[in-house]
Amino acid sequence: MSADHTRDPCPIVILNDFGGAFAMGAIGGCVWHGIKGFRNSPYGERGYGALSAIKQRAPRVGGNLGVWGGLFSIFDCSVKAIRKREDAWNAVIAGFFTGGALAIRGGWKHTRNSAITCACLLGVFEGVGMMMQRLQAQPTMAPVYPEEPQALAA
Amino acid sequence: MSNIASIFNPPPPRDFSDKEIAEQCLSCTTIQSLVGLIGGFYLSTSNQFKDKTSGKIDFHKNPLWWQKSVKGLGVILFGLGAYRAGEVLQILYNRKFEKH
């Protein structure tokens, strides 16, 4: 795999991504299931209902997102190692494999659809990211001066 | 940088330099080897086609060509893992040889 000194080696990046995705999922799951548990509980039991829903479901969301992040990172590193190039296609290919790998138990149609959906989604994210980068890095326009009049021949 | 973060903030496209390619990353190769061996072994068995409760294979959901393709992929992945394991041993041998 790549030995780029500007970033950590791949095993550390994979662990980092797994942990980051788990944390994101767990926090997002706390917010989502907390609100859901709160709303679905009767008056007087809303706090307890929210806490109960968070305890039951937030770790599951975190785990699912963590597995996605870890697998994506593994595939991304592998694709980089094979292509020996860093560009937007790495994420799209890695997303294709991640979506397929996660859905492989659901049969071939499920695997195909999941892989294509995941690749398209990542392609859209990459495209939006690149577009935002271009918008933020607009080149500064040099001022336009009027041309100096040519000296008339004597 | 994180691979997930680089989705939203993609780095400029570039080819890896010859130096980067020539430098061998032991930890990366080891991880790839393990992923290849474990993933290849998992895919080459028919566990992923079996129903969790009944233990039977649904041939409508998982047709024979699909099962064979996945198993073939598993064998290829296992082979890649074994190849990378060989590279790990080679890196270790080279490092030991260079030191002494």
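Residue numbers begin at 1 in each chain, while the letters A, B, ... track the order of the sequences. Just so you know, these numbers come straight off a predicted model, no measurement behind them.
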If you tally heavy-atom pairs under 4.5 Å between each of S73(A), A94(A), A91(A) and chain B, the highest tally belongs to S73(A)

Note: vs chain B, highest number of non-hydrogen pairs under 4.5 angstrom among H110(A), K84(A), M132(A) is K84(A)

Portion of F59(B) that has a non-hydrogen atom of chain A nearer than 4.5 angstrom: neither

Using heavy-atom distances under 4.5 Å, tell me whether D58(B) contacts chain A through its side chain, its backbone, both, or neither. neither

Do the side chains of [X] and [Y] join up, straight or via other hydrophobic residues, at under 4.5 Å, putting them in one cluster?
| X | Y | result |
| --- | --- | --- |
| L80(B) | F78(B) | no |
| W108(A) | L73(B) | yes |
| L121(A) | F96(A) | yes |
| F72(A) | L102(A) | yes |
| V61(A) | V67(A) | no |

Main-chain N/O of [Y] paired with [X] side-chain donor or acceptor, under 3.5 Å:
| X | Y | result |
| --- | --- | --- |
| Q133(A) | P10(B) | yes |
| D17(A) | S2(B) | no |
| R105(A) | K50(B) | yes |

Using a 4.5 Å cut-off on heavy atoms from C-beta on, say whether the side chain of [Y] contacts that of [X].
| X | Y | answer |
| --- | --- | --- |
| I104(A) | L43(B) | yes |
| F8(B) | V128(A) | no |
| E126(A) | I7(B) | yes |

In Å and rounded to the nearest 0.5 Å, what is the [atom1] to [atom2] distance from [X] to [Y]?
| X | Y | atom1 | atom2 | value |
| --- | --- | --- | --- | --- |
| S27(B) | I12(A) | OG | CD1 | 6.5 Å |
| N90(A) | N3(B) | CG | CG | 9.0 Å |
| C77(A) | I31(B) | SG | CD1 | 9.5 Å |
| Q32(B) | I82(A) | CD | CD1 | 6.0 Å |
| L122(A) | I4(B) | CG | CD1 | 9.5 Å |
| R83(A) | D15(B) | CZ | CG | 9.0 Å |

Between [X] and [Y], which heavy-atom pair has the shortest distance, and what is it?
| X | Y | value |
| --- | --- | --- |
| C28(B) | C10(A) | SG-N, 3.6 Å |
| G107(A) | W66(B) | C-NE1, 4.1 Å |
| F16(B) | E86(A) | CE2-CB, 4.2 Å |

Bottom line for F125(A): the part with an atom under 4.5 Å from chain B's heavy atoms is both

Considering residues, nucleotides and ligands other than [X], do more than 12 of their heavy atoms fall under 6.0 Å from its [atom1]?
| X | atom1 | value |
| --- | --- | --- |
| R46(A) | CZ | yes |
| R85(A) | CZ | yes |
| W32(A) | CH2 | no |
| F49(B) | CZ | yes |

